[in-house]
Amino acid sequence: MTRILFGRRLTVVGVVAMSAGLVAAMVAPPDRVQGDVQRLMYIHVPAAWLAYLSFAVTLGSSVGWLWRRTARYDRVAAASAEVGVFFTGLAIVLGSIWGKPTWGVWWTWDPRVVTTAVMFFVYLGYLALRRATVDSVARARRSAVFGVVAFVQVPIVHMSVVWWRALHQPPTVLKPGDPSIDHVMLATLLLNVLAFTLLYLLLLRARMRLAVVEEELERTSLGEGQELAGNAVLAPRLERS
Amino acid sequence: MRQVPSATPGPIRQCAELARKDLRLELRAGEALLVTAPFGAVALLLVPLAIGSDAPLLRQVGPGLYWVVVLLFGVLVTLRQSAVEGPAQLAMLRLCGVHPAVRLAGRTLANAVLLVAFELLLTPVAIALYDPDLSGWPWLLPLFPLIAVGLAVLGTLASALAHGLAGRTTLGALLVVPLAAPLVLGATQTLAAARYARQPWAWLFLVLVIDLLIIVATALAARQLEESA
């Protein structure tokens, strides 16, 4: 099972799912009011959900590191945060492109849009904190603490359309009761969510592998800079020589 | 028979002493109130130069600008250089048996006092420059300490996270400012609600809840942060 999930087959399954998601997004019925522009939903919504998932994984791995102090948890937290920032940026950009024909503006001071932008910057701060800390243990510790604190932003983003009056539509799927969306559209959306989840796993795996290589390189370059123990003992010299 | 005083003072006394030490250092350095506060006042002065001296517009945007300046420059107050402990000071505090949470609480208390002073210094400047509608001003009395405490805790947390790093001030600000957005929202909406004769309790409650959440998170992370100091 692990081999299927994380072996070479993941790439194949991911590509197949992404292709199927793309085809389904093209053949799904267009929205009655918005027309074909609404098809952006099949990328925008999965990107936003995957951003939530990525930051939830960062939270879980940060707690895991604080509890177990295992380097693997730190790698997962960092990789997931990076992928999450990518998905958040994608959701913001696509939302902006979708917003222009529907709302008439590229950007609006809507609570969901603003809180998502704030979440983007919170996790950019997380990545900046990691980049600024040289020592690997201190980096893991500091980012684990911030990874836990930063997650408070995620429920705020999700609930913002419920708590405040918003232009952005309220939750249609992740809400109590029957989803208020056409069933073919819902199936297409869920297929794309699956495809994006596989893409997330692929990116996470690639970033974690890169992190292992980076750590190896860091260890090697640290070793190169250090002098051998024998060099600490210098040959005696005469004064003024 | 006279009771022998305990060798180690209690956590509240320790916290108060640490805050007093920070405030004394600030009194000598004058970094927050003699440098950052005038800098904030200059920012308030520059905004009308940039957006135009339209008095009704300035009256409308004045309170919001005031809170934005308090947030941005308040972060600099919490990340001031005089509030950075060197390795020797940290070692001494550890040897004295000061709990990490108490150390952070002392720093937070000093930050909160300085931030309230900072808010009070900037208030007359904002009133003079923007002539805002002051109806509902009594709500500022609970709002000032609540916002100061929230910013103080976030600043203390960011300062501990960025301790010893290059670019500590900019990195700390990047960590604090996005997380402090609900505080600015609470502050501005409290005054707006009061101005339109609505009860601003909900917004004050929001700020209080955020303060409590950050306090709990920082207290739980205190030992971890101590290890990275």
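Just so it is clear: chains get the letters A, B, ... in the order the sequence lines come, proteins before strands, and each one is counted from 1.
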Residues [X] and [Y] bridged, charged N to O under 4.0 Å:
{"X": "A/Asp135", "Y": "A/Arg141", "result": "no"}
{"X": "B/Glu85", "Y": "B/Lys21", "result": "yes"}
{"X": "B/Asp133", "Y": "B/Arg59", "result": "no"}

Review point. Among A/Arg69, A/Gln153, A/Arg139, which has the most heavy-atom pairs under 4.5 Å with chain B?
Key: A/Arg69
What part of [X] lies closer than 4.5 angstrom to a heavy atom of chain B: side chain, backbone, both or neither?
{"X": "A/Arg131", "answer": "neither"}
{"X": "A/Tyr126", "answer": "backbone"}
{"X": "A/Val122", "answer": "both"}

Review point. Aromatic rings A/Phe87 and A/Phe196: how do their planes relate, parallel, tilted or perpendicular, breaks at 30° and 60°?
Key: tilted
**Study point:** Parallel, tilted or perpendicular: rings of B/Phe144 and B/Trp67 (30°, 60°)
**Key:** tilted
Under 4.5 Å from a heavy atom of chain A, the part of [X] involved:
{"X": "B/Leu157", "value": "side chain"}
{"X": "B/Leu185", "value": "side chain"}
{"X": "B/Leu175", "value": "both"}

Check your understanding: Is the count of non-hydrogen atoms from other residues, nucleotides or ligands lying under 6.0 Å from A/Tyr73 atom OH greater than 12?
Key -> no
